[in-house]
*Asks:* 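I am attaching a structure below and will ask some questions about it afterwards.
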Amino acid sequence: MDGSDGAAVPPPLAVELEGDEDLILHWDSTFSPSCNRMVFDGGDRTDAVSKSSTGARSSPKKSPAPVSNIQIEILRLEDEFRHILVSRASNFEINSLVDLGSLSLDRSRFGDRMEELSNADAEDGSFQRQRSEGSSSNHARSYRSTSSIREIDLLPPDAVNKLRNIADRLIAAGCDRECFQVYGGVRKSVVELCFNHLGIERLSICEVQRLEWDTLESKIRRWIRAARACFRIIFASERRLCDRIFDGLSGDDTPFVESVKSAAIQLLSFAEAISIGRRSPEKLFKVLDLHDALTDLLPDIAIIFQSRALESINTQVVEIIARLAESVRGILSEFESAILREPSQIPVRGGTIHPLTRYVMNYISLISDYKQTLTQLINSRPPAANLLLGNNSGGVLPDMELPEQSPLASHLIWIIYILQFNIENKAQVYQDASLSHLFLTNNLHYIVQKIKGSTELNEVIGDEYPRKLKAKFRQLATSYERTTWMKVLYCLRDEGLHVGGSLSSSVSKSSLRERFKAFNAAFEEVHRTQSIWSVPDSQLKEELRISILEKLLPAYRSFLGRFRHHIENGRHPEMYIKYSTDDLEIALADLFEGCPPPLLGRRKSH
């Protein structure tokens, strides 16, 4: 036993192969014409099993097999290992499975069903091996309880058993490196083929950052879809296949590393390029989508890639998520600055809603759709101090005391506030004060309605600030009415119509005729100009018209009642009393339509 008699101790593999020479010669093409038959895959496996199990006991007196025969067996095992991996791989269409990779965005909906599938998978003992204490593959059980993972059988059960038997022999012979290389090379090619089917391109970080935004936006959408399929279907299934073949045989995760690590790095390089790219407002929502997708995938990635050899993948994903979060904060800050710096001073036609107002409010409505994510990412309030704006901005932003709300709510209110400030500056370019007031009324009303119309935005902002905006636009609407219609209503006063100045004295018919002419001219001017002004919101338009009617018609009706007989008793009364109250009401319906009105012809008064 201790070798004191001088006899050489045969190496372990040589002892195992004692008596196997006939089997080896049966495999070797230089000795046997039946060499093309695979012993484990369709050949006479009984010989292989019985020979390898009896080994030295069956012919203890034989000399150790020559080294060349040992090499023949190893090469033949490697060839058969490769042959089974290639020829027995399951055919599946990856695109038909992609949608499964996105189901866990609502895990509660699919959790029970996935738990049933996971339990059923765990109870399948076909490929399970009794694990020795300290086995490295305990994670194989844990990740199958993750409801988002969708494993598929990459090889049939009998092929997996054959591969495991061959791997066992090769690793026992000290050829684990060669075994892992064969396995990794074949499975890596399969993963690359899946990448091609999913449309995953090999783009460097520089190439990604040079793409036009429209192109990049579609690629982000496609990447998210592909990443879910890769991590939750492809990599998870590769993880399971690797465990079933090498569990308890390999002390590390080398076979799985050889199969998927380079593919995972290639996949993540795209997200990394986005995370360090230029920050601009239009990118916010796709960056948030990317952040949410990776955050949602992270628990699955952490389980599938939990070995020490693959911890760099986990680390990379965590770092990308952190950079995406920082990018979101930077984009939001850039958006706020862009609103402040928006320089256009060309008045919009008819005092309608400014494109900046529409853009900003639609933007923050979309922001509120991501409130769950942004509440976690936005952790500081915006500055509420005076900000010196650019040369084209119109001055200094007044102080604003932000309400005590969440940082996200404070940012959204701050955005609306600086939008309001910018719009008030743009209103100053209108030479007509009435149109300036109508422009501000339109825009503030639009802001209030957008907040009111979005449940998410309303929940984030609260009620206090929208109430202030509503009071502001009501005040502006009143200012518009006063500026426009006081000139018209001023024509319907009694002062200046009586001879001698006393209201009890007789009426001066010439003064009365001039007063009717002045009213007609003022009303026609308002009708002509303000019909081409625009109030896009039908409710606001109707409210303004009703408010005008409630002031104008009673005043005109009263004026007619007091003085029309003085005109009708004279010559050509139709030249002075051109409109009835009904005529005015019909004409007022033309206001704020944004188009030239029909001509006001002479109408017979009743």
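Quantities reported herein were computed from a predicted structural model and do not represent experimental measurements. The first residue of the sequence shown is numbered 1, and numbering continues consecutively from there.
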*Asks:* Quick one: does His411's side chain have a donor or acceptor within less than 3.5 Å of a partner on Ser380's backbone?
*Replies:*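 Checked: pair present.
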
*Asks:* How close do Arg82 and Val182 get, heavy atom to heavy atom, and via which atoms?
*Replies:*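 Where Arg82 meets Val182 most closely, the heavy atoms are NH2-CG2, 3.3 Å.
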
*Asks:* May I ask you to establish whether Arg239 and Phe256 are in a cation-pi arrangement, using a distance under 6.0 Å from NZ or CZ to the six-membered ring centre and at most 45° from the ring axis?
*Replies:*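 Checked: cation-pi criterion met.
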
*Asks:* Which pairs, with at least one residue in residues 273-299 and sequence neighbours excluded, count as a ring pair (Phe, Tyr, Trp, His ring centres under 6.0 Å)?
*Replies:*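 Sorted pair list: Phe285-Tyr363, Phe285-Tyr370.
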
*Asks:* So, the side chain of Asn314 versus the backbone of Phe305: is there a donor-acceptor pair under 3.5 Å, distance only?
*Replies:* yes

*Asks:* Distance-only, no hydrogens or angles: does the Glu207 side chain make a donor-acceptor pair with backbone N or O of Ser204 under 3.5 Å?
*Replies:* yes

*Asks:* Got a sec, which pairs hit salt bridge (Lys or Arg N to Asp or Glu O under 4.0 Å) with one end in residues 360-370, sequence neighbours left out?
*Replies:* none

*Asks:* Tell me which donor-acceptor pairs under 3.5 Å the side chains of residues 264-273 have, and how far apart each pair is, sequence neighbours excluded?
*Replies:*
| residue | atom | partner | partner atom | Å |
| --- | --- | --- | --- | --- |
| Gln266 | OE1 | Arg202 | NH1 | 3.3 |
| Gln266 | OE1 | Arg202 | NH2 | 3.4 |
| Ser269 | OG | Gln266 | O | 2.7 |
| Glu272 | OE1 | Gln316 | NE2 | 3.2 |
| Glu272 | OE2 | Arg323 | NH2 | 3.4 |

*Asks:* Is there a donor-acceptor contact under 3.5 Å from the side chain of Asn362 to the main chain of Arg358?
*Replies:*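 Yes, Asn362 side chain to Arg358 backbone: donor-acceptor pair under 3.5 Å.
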
*Asks:* Nearest heavy-atom pair of Glu334 and Arg279: which atoms, and what distance?
*Replies:* CG-O, 4.1 Å

*Asks:* Verify, without hydrogens or angle tests, whether Ser259 (side chain) and Pro255 (backbone) share a donor-acceptor contact under 3.5 angstrom.
*Replies:* yes

*Asks:* Closer than 3.5 angstrom, by distance alone: can the side chain of Arg240 be matched with the main-chain N or O of Ile152 as a donor-acceptor pair?
*Replies:*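 Answer holds: yes.
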
